[in-house]
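Worksheet: one structure, shown below.
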Amino acid sequence: SFANGLQGLGLPLLKTTKNGYALYFLIDTGASKNYIRQDCLNLPELNEDTLILDEKEEYYGIDNVCHEAETCNFRFNVDQYQYMEKFQIIKDGSALSFPTTDGFLHVVGILGTPFLMQYKAMMDFAAAELSLEAPGVSDQEVK
């Protein structure tokens, strides 16, 4: 369910967990990549199993300016399933600054079309529900 995000921010948020912490990603069907805030990667509770890759990628921000960002693989859970995705690291989190709860950063990034297409995401805005294919399931196993 992404009802809480729609009610609070007016945007769909996917609740994920990492090492017992609840984290939220904005779901953006128009984003060509996945993005994660660097300040969340600096927290010891969240950087476990995070692999900083030896590559940089370009992206165009909402300001239509080309930016270059480091990339990483970040592992997180949705319900009982574990996902690992490639993200571009956003150093200046000002574009993704949202209120925190108890001083802990909860909105950590954006899940774009790479994640949504890989896991065959289906969003029902009327019911405020998101369906994802479980990781490791092939097309032949899905009926």
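From Leu132, atom CG reaches atom CG of Asp79 across 9.0 Å, with rounding to the nearest 0.5 Å. Here Lys91 contributes atom NZ and His67 contributes atom NE2; the two are 13.0 Å apart, rounded to the nearest 0.5 Å. To the nearest 0.5 angstrom, Ser131 atom OG is 10.5 Å from Met123 atom CE. The distance from atom CE of Met84 to atom CZ of Phe76, rounded to the nearest 0.5 Å, is 10.5 Å.
Take Ile89 and apply the side chain to side chain contact (heavy atoms under 4.5 Å, CB included) test, not counting sequence neighbours, and it matches Ile36, Gln38, Leu41, Ile52, Glu70, Cys72. With sequence neighbours left out, Lys33 forms a salt bridge (charged side-chain N to carboxylate O under 4.0 Å, His left out) with Glu57. By the ring-ring contact (aromatic ring centres under 6.0 Å, His included) test, Tyr81 pairs with no residue at all, sequence neighbours left out. Thr17 is linked by a side chain to side chain contact (heavy atoms under 4.5 Å, CB included) to Asn77, counting only residues two or more places apart in sequence or in another chain. By the side chain to side chain donor-acceptor pair (under 3.5 Å) test, Asp28 pairs with no residue at all, sequence neighbours left out. For Glu55, the side chain to side chain donor-acceptor pair (under 3.5 Å) criterion is met by Lys86, not counting sequence neighbours.
Checking side-chain atoms of Asn47 against main-chain N and O of Thr50 turns up no donor-acceptor pair under 3.5 Å. Judged purely by atom type and a 3.5 angstrom limit, Asn34 has no side-chain atom pairing as donor or acceptor with the backbone of Leu111. Judged by distance alone, the side chain of Thr71 and the main-chain N or O of Lys56 form no donor-acceptor pair under 3.5 Å.
Inter-residue side-chain proximity for Gln82 and Arg75 is flagged as met; some heavy-atom pair is nearer than 4.5 Å. At least one side-chain heavy atom of Phe125 sits less than 4.5 Å from a side-chain heavy atom of Pro12. Residues Tyr59 and Ser32 form no side-chain contact, since every pair of their non-hydrogen atoms from C-beta on lies 4.5 Å or further apart. Contact check for Phe74 versus Lys18: side-chain heavy atoms found under the 4.5 Å cut-off. Side-chain contact between Thr29 and Leu116: present, with at least one pair of heavy atoms (C-beta onward) separated by less than 4.5 Å. A heavy-atom distance below 4.5 Å is not found between the side chains of Met122 and Glu129.
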side-chain contact (heavy atoms from CB on, under 4.5 Å) assessment of Leu14 paired with Val78: CA-CA 8 Å; Leu14 176 63; Val78 178; 4.1 Å; yes
Step-by-step side-chain contact (heavy atoms from CB on, under 4.5 Å) determination, Val107 to Leu23: CA-CA 6 Å; Val107 177; Leu23 307 171; over 6 Å; no
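Closest approach of Pro114 and Ala31 over heavy atoms only: CD-O, 4.2 Å. When all heavy atoms of Ala121 and Leu130 are compared, the pair lying nearest together is CB-CD1, 3.9 Å.
When each of Tyr35, Phe25, Phe115 is checked for a ring-ring contact (aromatic ring centres under 6.0 Å, His included) with Phe87, only Phe25 meets the rule.
For Asn42, the CG atom sits in a packed shell: over 12 heavy atoms of surrounding residues, nucleotides or ligands are nearer than 6.0 Å.
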